Protein chains: 2
Amino acid sequence: MSKRPAPNVKSKSNRRSLAQVRQDNSEHILRVAERLFSERGYSGTTIMAIAEEACLPKANILYYFHTKEALYQGVLSNILKIWMLSMNDMTPEQHPRDALRDYIIKKIRQSKEYPHASRIFAAEVLHGAPFLRKQLETDLKEQFDKTCDVFRQWIAKKWMDPVHPEHLMFMLWSSTQAYADVQVQSCILLNKSELDDQDYNDGADFLVRMVLKGCGINPV
Amino acid sequence: MSKRPAPNVKSKSNRRSLAQVRQDNSEHILRVAERLFSERGYSGTTIMAIAEEACLPKANILYYFHTKEALYQGVLSNILKIWMLSMNDMTPEQHPRDALRDYIIKKIRQSKEYPHASRIFAAEVLHGAPFLRKQLETDLKEQFDKTCDVFRQWIAKKWMDPVHPEHLMFMLWSSTQAYADVQVQSCILLNKSELDDQDYNDGADFLVRMVLKGCGINPV
DNA sequence: AAAACTTCTGACCAAATGGTCAGAAGTTGG
DNA sequence: CCAACTTCTGACCATTTGGTCAGAAGTTTT
């Protein structure tokens with residue numbers, strides 16, 4: 001809730017080039033918007049609320065992003081950038097023991113480091129991906145199919161049990177994603193105001209062990 | 001999207017007692033509202049939209065539910081009823097092989113039979129449980145703690161590996177919940193317009209196997 | 001320092017939204 | 001069949017919301 005003042009507040013003459021001002025303000029707005037969208041959803045977030053949290057007049061928000069939808073799209077494209085960037089491809093040559101461990105750890109770290117992004121993504125999917133459909137149908141599906149294929153090759157090599165690749169993917173995705181999505185719920189259930197590093201590590205350890213053993217993969 | 005006409009449409013003189021009319025209409029409205037809330041979220045759903053889908057004038061919706069929030073609460077309480085009812089308690093005497101299998105199957109069936117309810121619940125949690133906090137803090141937490149305790153007793157009896165009970169609960173919850181939440185996504189990724197029974201069965205089989213083996217539980 | 005350009009903002013606006021209300025229409029009990 | 005009651009609804013209303021715009025303020029270029 002830190003109402004950090006906008007970069008330009010009360011001091012436009014701070015010797016910053018216009019280009020710099022533009023970039024700073026755009027990013028500032030995107031950050032604030034991301035947080036609010038993740039907390040209240042698309043419809044639940046008003047431009048006025050974003051303006052107040054960003055300490056900028058509403059008209060200024062609309063100067064940078066002409067419509068609410070454009071602002072939301074801006075937030076989403078930021079998110080997808082993070083997503084695609086850090087979604088490493090598992091390869092058939094890697095042993096699943098290492099590949100799956102790395103994947104789980106990376107995904108959980110992502111949930112921890114970008115909780116807003118994770119939640120917006122989840123909400124988007126939950127409501128039928130009205131804004132992301134296209135991207136999911138192309139980029140994400142490609143990634144998904146490729147990874148399932150890797151699983152199949154591992155199975156062929158007897159490196160893991162013949163589990164259903166698609167359902168393994170779902171399970172990996174949902175159980176790692178959960179550490180961002182149900183943070184609130186987790187906190188209620190664990191009686192903590194926030195998940196700490198220990199919790200994330202425990203979660204990762206648990207999942208790695210469960211998945212490897214569950215898939216009949218020799219640990220170490 | 002079937003705009004099924006309201007029970008009372010065009011025929012109030014159908015010899016139904018007022019009490020009956022009241023109940024029929026309340027239920028009809030709740031059903032429509034549940035669907036819309038699950039598709040568009042709380043803020044994204046307007047009373048007017050509910051009225052149109054229910055084939056009733058807006059004022060009539062507000063006659064039965066004085067405010068939008070009251071209507072949403074009505075939907076939520078319906079949902080919690082389903083939830084609590086079907087969330088069977090696992091017992092320390094049961095063997096985890098059976099208890100966990102039953103739990104997973106039941107949860108996945110629930111995702112299939114009540115997808116709207118599941119999604120509303122997920123969205124609620126995702127946004128910090130603004131309407132459900134109290135209930136989660138009492139009922140759900142109690143359930144959660146009790147079940148973790150059962151896990152610990154199973155572990156003490158050497159019926160399963162010493163896994164972290166809390167994280168096992170998270171994993172069970174999120175991976176079963178997923179079959180309702182990411183239905184859309186799943187459909188995109190699996191190239192289907194809808195998950196069919198086979199998919200749900202495959203999912204249940206996969207999860208049961210994975211969890212039992214992952215927890216070092218002897219199958220059969 | 002003046003012209004050209006970008007950034008910023010208060011004042012508006014039309015549409016949508018949640019909600020009210022008076023009275024019509026229908027049902028029930030005596 | 002009439003009085004009491006419940007259900008229903010069109011017309012209205014205050015507020016909120018996304019968005020516009022003219023012109024002020026600041027920066028860059030010449």
Side-chain angles (χ1 to χ4, degrees), chain A residues 5-30 32-33 36-37 39-76 130-131, chain B residues 5-30 32-33 36-37 39-76 130-131:
Chain A
N8 71 336
V9 79
K10 287 291 172 218
S11 60
K12 233 177 301 190
S13 37
N14 256 359
R15 269 309 126 206
R16 278 184 310 153
S17 72
L18 282 187
Q20 192 61 46
V21 166
R22 185 162 200 91
Q23 194 187 329
D24 288 355
N25 280 354
S26 290
E27 280 173 9
H28 176 67
I29 293 169
L30 280 173
V32 172
L36 290 190
F37 281 132
E39 286 167 1
R40 314 175 187 183
Y42 178 75
S43 310
T45 305
T46 65
I47 299 180
M48 198 54 203
I50 295 171
E52 272 166 20
E53 291 278 313
C55 293
L56 290 171
K58 190 182 75 161
N60 204 2
I61 307 284
L62 284 161
Y63 170 70
Y64 283 101
F65 299 88
H66 291 312
T67 64
K68 183 183 175 182
E69 194 178 317
L71 176 51
Y72 187 64
Q73 293 279 17
V75 170
L76 278 184
F131 294 93
Chain B
N8 70 336
V9 78
K10 286 291 171 215
S11 61
K12 232 179 295 190
S13 38
N14 255 359
R15 269 310 126 204
R16 278 185 309 152
S17 71
L18 283 186
Q20 192 61 46
V21 167
R22 186 163 200 92
Q23 195 187 327
D24 288 355
N25 280 353
S26 290
E27 280 172 9
H28 176 67
I29 293 169
L30 280 173
V32 172
L36 290 190
F37 281 133
E39 285 168 1
R40 315 178 186 181
Y42 178 75
S43 309
T45 305
T46 66
I47 298 180
M48 198 54 201
I50 295 171
E52 272 167 19
E53 291 277 312
C55 292
L56 290 172
K58 190 182 75 163
N60 204 1
I61 307 284
L62 285 161
Y63 170 70
Y64 283 102
F65 299 89
H66 291 315
T67 65
K68 182 182 177 182
E69 193 178 319
L71 175 51
Y72 186 65
Q73 294 278 16
V75 172
L76 278 183
F131 293 94

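Below, chains carry the letters A, B, ... as their sequence lines are ordered, and counting in each starts from 1. As the structure is a computational prediction, the values presented were derived from the model and not from experiment.
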* Asked: Starting at the 5' end of DNA chain D, which residue's closest nucleotide do you reach first, Arg22(B) or Lys58(B)?
  -> Arg22(B)
* Structure fact -> Which of dG18(D), dT28(C), dT6(C) is nearest the side chain of Lys68(A)? It is dG18(D)
* Structure fact -> Rounded to whole Å, CD1 of Ile50(A) lies from P of dG19(D) at a distance of 11 Å
* Mind calculating the distance between CZ (Arg40(B)) and C1' (dT17(C)) to the nearest angstrom? => 14 Å
* Roughly how many Å is it from CD1 in Ile61(B) to P in dT17(C), rounded to a whole number? -> 15 Å
* Asked: What is the distance from OH of Tyr64(B) to C1' of dT6(D), rounded to the nearest Å?
  -> 9 Å
* Structure fact -> When rounded to whole Å, the CG to C1' distance for the pair Asn60(A) and dG19(D) reads 15 Å
* Asked: Got Phe37(A) and Ile50(A) here, is their nearest side-chain heavy-atom distance under 4.5 Å?
  -> yes
* Please work out if Thr45(B) contacts a base, only the sugar-phosphate, or nothing of the nucleic acid, heavy-atom cut-off 4.0 Å. => sugar-phosphate
* Structure fact -> note: Glu52(A), atom CD; dG18(D), atom P; distance rounded to Å ~ 12 Å
* Nearest whole angstrom, please: distance from the P of dA11(D) to the CG of Leu62(B). => 17 Å
* **Upstream residue (5' side of DNA chain C) when Ser43(B) and Ala59(B) are each assigned their closest nucleotide** => Ser43(B)
* Asked: Is the phosphate of dC8(C), meaning OP1 or OP2, less than 4.0 Å from a side-chain N or O of Tyr63(A)?
  -> no
* Looking at every strand, decide which applies to Ile47(B) at a 4.0 Å heavy-atom threshold: base, sugar-phosphate, or nothing. => sugar-phosphate
* Asked: Which one of His28(A), Gln20(A), Arg22(A) satisfies the side-chain hydrogen bond (donor to acceptor under 3.5 Å, both in side chains) criterion with Asp24(A)?
  -> Gln20(A)
* To do: Would you kindly give the CE-to-C1' distance between Met48(A) and dT9(C), to the nearest whole Å?
  => 12 Å
* To do: Starting at OH of Tyr64(A), measure out to CG of Asn25(A) and round the result to the nearest 0.5 Å.
  => 4.0 Å
* Asked: Of the nucleotides dG19(C), dT7(D), dG18(C), which has the atom closest to the Val21(B) side chain?
  -> dT7(D)
* Asked: Nearest to the side chain of Thr46(A), which nucleotide is it out of dT17(D), dG10(C), dG10(D)?
  -> dT17(D)
* To do: Taking the side chain as every heavy atom from C-beta outward, state whether Leu30(A) and Phe65(A) have any pair of such atoms under 4.5 Å apart.
  => yes
* 5'-most contact on DNA chain C: Pro57(A) or Ala19(B), nearest heavy atom basis? -> Pro57(A)
* Asked: Nearest of dC8(D), dG19(D), dC8(C) to any side-chain atom of Asn25(B)?
  -> dC8(D)
* Asked: Does the separation of the ring centres of Phe131(B) and Tyr42(B) fall below 6.0 angstrom?
  -> yes
